[in-house]
Amino acid sequence: MLDRIERILVACNRWLLILLLLAMACIVFANVVLRYTTGDSIVWAEEVARHMMIWVTFLGAGLVLRFGGHVAIDNLHRAVSTRKAQIIRAVVVVSLAVFFVVMTVASSQYVYATRFQTTAATDIPISYIYGAMPVGFVLMLIHLLFIAKGYIASGSFAESDEMDADAAASI
């Protein structure tokens, strides 16, 4: 059951990223074509593309974490005994979990504080854009919890036929 939930979460996360990147690319491409062919550009295109990039960054960070694509310094836990390495990795996992929880709370407060501000071109509430932060940190925490056992035990990350650390890092 938990494995099925995990697969659905990863698939939904990936497809949402794909759709956001596709929409962002189409908006930017259309804006560039219009600017060079007609001399006019879409007023809201740059702003919306920037906001989509914020969402892509925070939604993709969990998948990158899951597949080991973030920058890591692993010399220490590779140089010590297996038991000490497991302790180091456990400390890393707990530290990351605490960080994600703290950042979820802090970013939620920030989203709440910006609820009445709107963007210049589209008049979208800024809190909708900044909502990417708490959502992203919760997703990172969930992905971390899914891989924590394997990472602590052997230093391994999640594996997939479609995704590896290099592919995850390029999201």
Side-chain angles (χ1 to χ4, degrees), residues 5-73 91-148 151 157-158 160 162-163 165-171:
I5 292 170
E6 182 179 7
R7 279 195 322 272
I8 291 171
L9 173 72
V10 170
C12 290
N13 197 330
R14 286 178 60 205
W15 278 105
L16 185 56
L17 285 170
I18 290 167
L19 292 174
L20 280 172
L21 282 169
L22 179 65
M24 187 175 62
C26 289
I27 289 169
V28 170
F29 180 76
N31 195 37
V32 169
V33 167
L34 283 173
R35 186 178 315 127
Y36 286 106
T37 58
T38 67
D40 283 332
S41 62
I42 305 169
V43 175
W44 50 266
E46 186 271 332
E47 184 177 282
V48 170
R50 184 177 349 115
H51 300 157
M52 292 173 120
M53 180 61 75
I54 292 168
W55 272 95
V56 165
T57 300
F58 280 97
L59 291 176
L63 283 178
V64 174
L65 173 75
R66 167 184 204 78
F67 295 108
H70 286 291
V71 173
I73 301 170
V91 169
V92 168
V93 167
V94 169
S95 299
L96 282 173
V98 168
F99 176 75
F100 294 154
V101 169
V102 167
M103 289 306 296
T104 299
V105 171
S107 61
S108 296
Q109 292 169 344
Y110 193 70
V111 167
Y112 182 76
T114 60
R115 69 190 181 281
F116 298 120
Q117 297 175 6
T118 59
T119 60
T122 56
D123 208 32
I124 297 171
I126 297 245
S127 58
Y128 290 2
I129 293 116
Y130 290 162
M133 291 184 296
V135 170
F137 284 116
V138 166
L139 278 173
M140 283 188 269
L141 179 62
I142 291 169
H143 285 295
L144 177 68
L145 294 175
F146 277 129
I147 67 161
Y151 177 72
F157 292 93
S160 170
E162 302 96 17
M163 188 78 64
D166 293 333
S170 67
I171 289 181

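Residue numbers count from 1 along this sequence. Keep in mind the model is a prediction, meaning the values are calculated, not measured.
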Distance (rounded to the nearest 0.5 Å) between [X] [atom1] and [Y] [atom2]:
{"X": "Tyr128", "Y": "Thr114", "atom1": "OH", "atom2": "OG1", "answer": "11.5 Å"}
{"X": "Leu145", "Y": "Glu6", "atom1": "CG", "atom2": "CD", "answer": "10.5 Å"}
{"X": "Tyr110", "Y": "Ser127", "atom1": "OH", "atom2": "OG", "answer": "11.5 Å"}
{"X": "Ile8", "Y": "Asn13", "atom1": "CD1", "atom2": "CG", "answer": "13.5 Å"}
{"X": "Leu65", "Y": "His70", "atom1": "CG", "atom2": "NE2", "answer": "5.0 Å"}
{"X": "Cys12", "Y": "Arg14", "atom1": "SG", "atom2": "CZ", "answer": "11.5 Å"}

Indicate yes or no: at least one non-hydrogen side-chain atom of [X] is less than 4.5 angstrom from one of [Y].
{"X": "Leu34", "Y": "Ser41", "value": "no"}
{"X": "Thr119", "Y": "Trp44", "value": "no"}
{"X": "Val10", "Y": "Leu63", "value": "yes"}
{"X": "Val56", "Y": "Leu17", "value": "yes"}
{"X": "Met133", "Y": "Met103", "value": "no"}
{"X": "Trp15", "Y": "Ile18", "value": "yes"}
{"X": "Ile142", "Y": "Leu9", "value": "yes"}
{"X": "Phe137", "Y": "Phe100", "value": "yes"}

Exceeds 12 heavy-atom contacts within 6.0 angstrom, atom OH of Tyr130
no

In chain order, what residues pass the side-chain contact (heavy atoms from CB on, under 4.5 Å) check against Ala97, with sequence neighbours excluded?
Leu141, Leu144

Exercise: identify the closest heavy-atom pair between [X] and [Y]:
{"X": "Ala61", "Y": "Met140", "answer": "CB-SD, 3.6 Å"}
{"X": "Tyr151", "Y": "Val93", "answer": "CD2-CG2, 3.6 Å"}
{"X": "Ile147", "Y": "Arg66", "answer": "CG2-O, 3.8 Å"}
{"X": "Ala23", "Y": "Met52", "answer": "CB-CE, 3.3 Å"}

Quick test of your reading: applying salt bridge (Lys or Arg N to Asp or Glu O under 4.0 Å), list the pairs with at least one residue in residues 32-49, sequence neighbours left out, ordered by first then second residue.
Glu46-Arg50

Sorted by first residue and then second, give each salt bridge (Lys or Arg N to Asp or Glu O under 4.0 Å) pair with at least one member in residues 114-134; sequence neighbours left out.
none

